[in-house]
Amino acid sequence: MAEANEDYIIKVEHLNKHFKVDKEELEVLRDINLEIKEGEFITIVGHSGCGKSTLLKIICGLVSYEDGEVIRNGHKVVGPGPNCGMVFQDHRLLPWLKIKDNVGFGLDHLTKEEKAITVQNHIDLVGLHGFENSYPSQLSGGMSQRAAIARGLANNPNILLLDEPFGALDALTRIQMQKEILRIQKEQKTTMVMVTHDIDEAIVLGNRIVVMSARPGEIKEIIKVSSAARKRNSIDFSQVKKKIYEYLFEESEQEIETDYII
Ligand SMILES: Nc1ncnc2c1ncn2[C@@H]1O[C@H](COP(=O)(O)OP(=O)(O)O)[C@@H](O)[C@H]1O
Ligand SMILES: [Mg+2]
C-alpha cells in the first residue's frame, strides 16, 4: 500500500485486465505502468479497442481489476470517489434536469446556499452563465460538454478523467474547447488525464502523451511535450506528431505518408 504522502497522485503498477466474453478471456490491458504527478495533463492515444476507456474506468474505480495495483491520491482504488471526476464523449446530462441541477447533481451533502454558490461558480467557470435554467436539449454540443465538465469539477476533485470529451464536436468548437480546458486546468490546477483519438489534440493539451499499442493495450511510449511543441505548425509539433504515428503504425505494414501527417 502506498504512503499518503506519495509523490504521485495516480500510480498504476503492473496492471493487467481481462474481460470474460462468451466464456472466453479477452486480454485488454497488459502490464500497464504509469505514474502521474499532481497538476499534470496526460493525454492517451491508441487504436480503437486497445483499452483506453477501460484504463480510465479502472483509475476512476468504475471497473474492477485483478492483477497489479492502482493508487489514487495515496490509496488503492476500490471504487469511485469524490476526488476523481469523469467526463465522457456523450455528455450524459440528465435531460429532465435544468443545467444548474445537472451541475449540482451529487452535491446534496452541501447546504442549499453552498450548493447554489458551487453550482454558479462552475457554470461561470465553463462559460455557461445565462444558461442555468436551460435544459440539455436547448444547448449545442459544445455547451453540453461544458456543462458535463462543470458537473465533473463541481465536487472539487483533484483528478479529472476525460474520455474523448470532444469527439462529437465540430472542428472549430473542438479547438475552442481545447483552449477552455487548458484555461480551466491552469485555473483549478486539476490533474487531468484525457483519452483522445485526435493526435493534434493530444499534443496541444498533454504535457506527456501515453501512446498505447493495439489490444492487448500496452504502453509503447510516453512522450514528453515541450512548450515549443505545443504550438501547432511548429517544427517540434510536427516531429512529435510523426513520432506518434510511427509508434501507432509500426506493427502494421502501412507506409506512413509524411504529407498526410504534416
Ligand atoms: N464490460 C466489458 N465487457 C466485455 N468486454 C469489454 C467491456 N468493456 C470493454 N470491453 C472490450 O475491451 C476492449 C477494450 O475496450 P475499450 O477500453 O472501450 O477500448 P478503447 O477505449 O481503447 O476503444 C474492446 O475489445 C471491448 O470490446
Ligand atoms: Mg474508448
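Source: prediction; values computed, not measured. Just follow the structure's listing: the first ligand is 1, and inside any ligand the first atom is 1. Counting from 1, the numbers follow the sequence of the chain as shown.
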Quiz item: Does ligand 1 have any atom sitting under 4.0 Å from a heavy atom of Gly46?
Solution: no
Quiz item: Do Phe249 and His47 make the cut of ring centroids closer than 6.0 angstrom?
Solution: yes
Ligand-residue contact atoms, ligand 1 with [X], heavy atoms, under 4.0 Å:
| X | result |
| --- | --- |
| Thr54 | 15 (O), 16 (P), 17 (O) |
| Leu26 | 11 (C), 12 (O), 25 (O) |
| Val21 | 4 (C), 5 (N) |
| Ser48 | 23 (O) |

Side-chain donor-acceptor contacts of residues 153-160 below 3.5 Å, not counting sequence neighbours, with atom names and distances?
{"residue": "Asn158", "atom": "OD1", "partner": "Asn73", "partner atom": "ND2", "Å": "3.1"}
{"residue": "Asn158", "atom": "ND2", "partner": "Asn73", "partner atom": "OD1", "Å": "2.8"}

Quiz item: Of the non-hydrogen atoms in Tyr65 and Ile58, which two are nearest, and what is the gap between them?
Solution: CD2-CG2, 3.6 Å
Quiz prompt | N, O or S atoms of the protein lying under 2.8 Å from the Mg ion (ligand 2) | solution = Ser53 OG
Please write down residue, atom name and distance for the protein heavy atom closest to [atom].
| atom | answer |
| --- | --- |
| atom 6 (C) of ligand 1 | Phe19 CD1, 3.3 Å |
| atom 12 (O) of ligand 1 | Val28 CG2, 3.4 Å |
| atom 20 (P) of ligand 1 | Gly49 N, 3.5 Å |
| atom 21 (O) of ligand 1 | Ser53 OG, 2.8 Å |

Quiz item: Is it the side chain (CB and beyond), the backbone, both or neither of Arg215 that lies under 4.0 Å from ligand 1, heavy atoms counted?
Solution: side chain
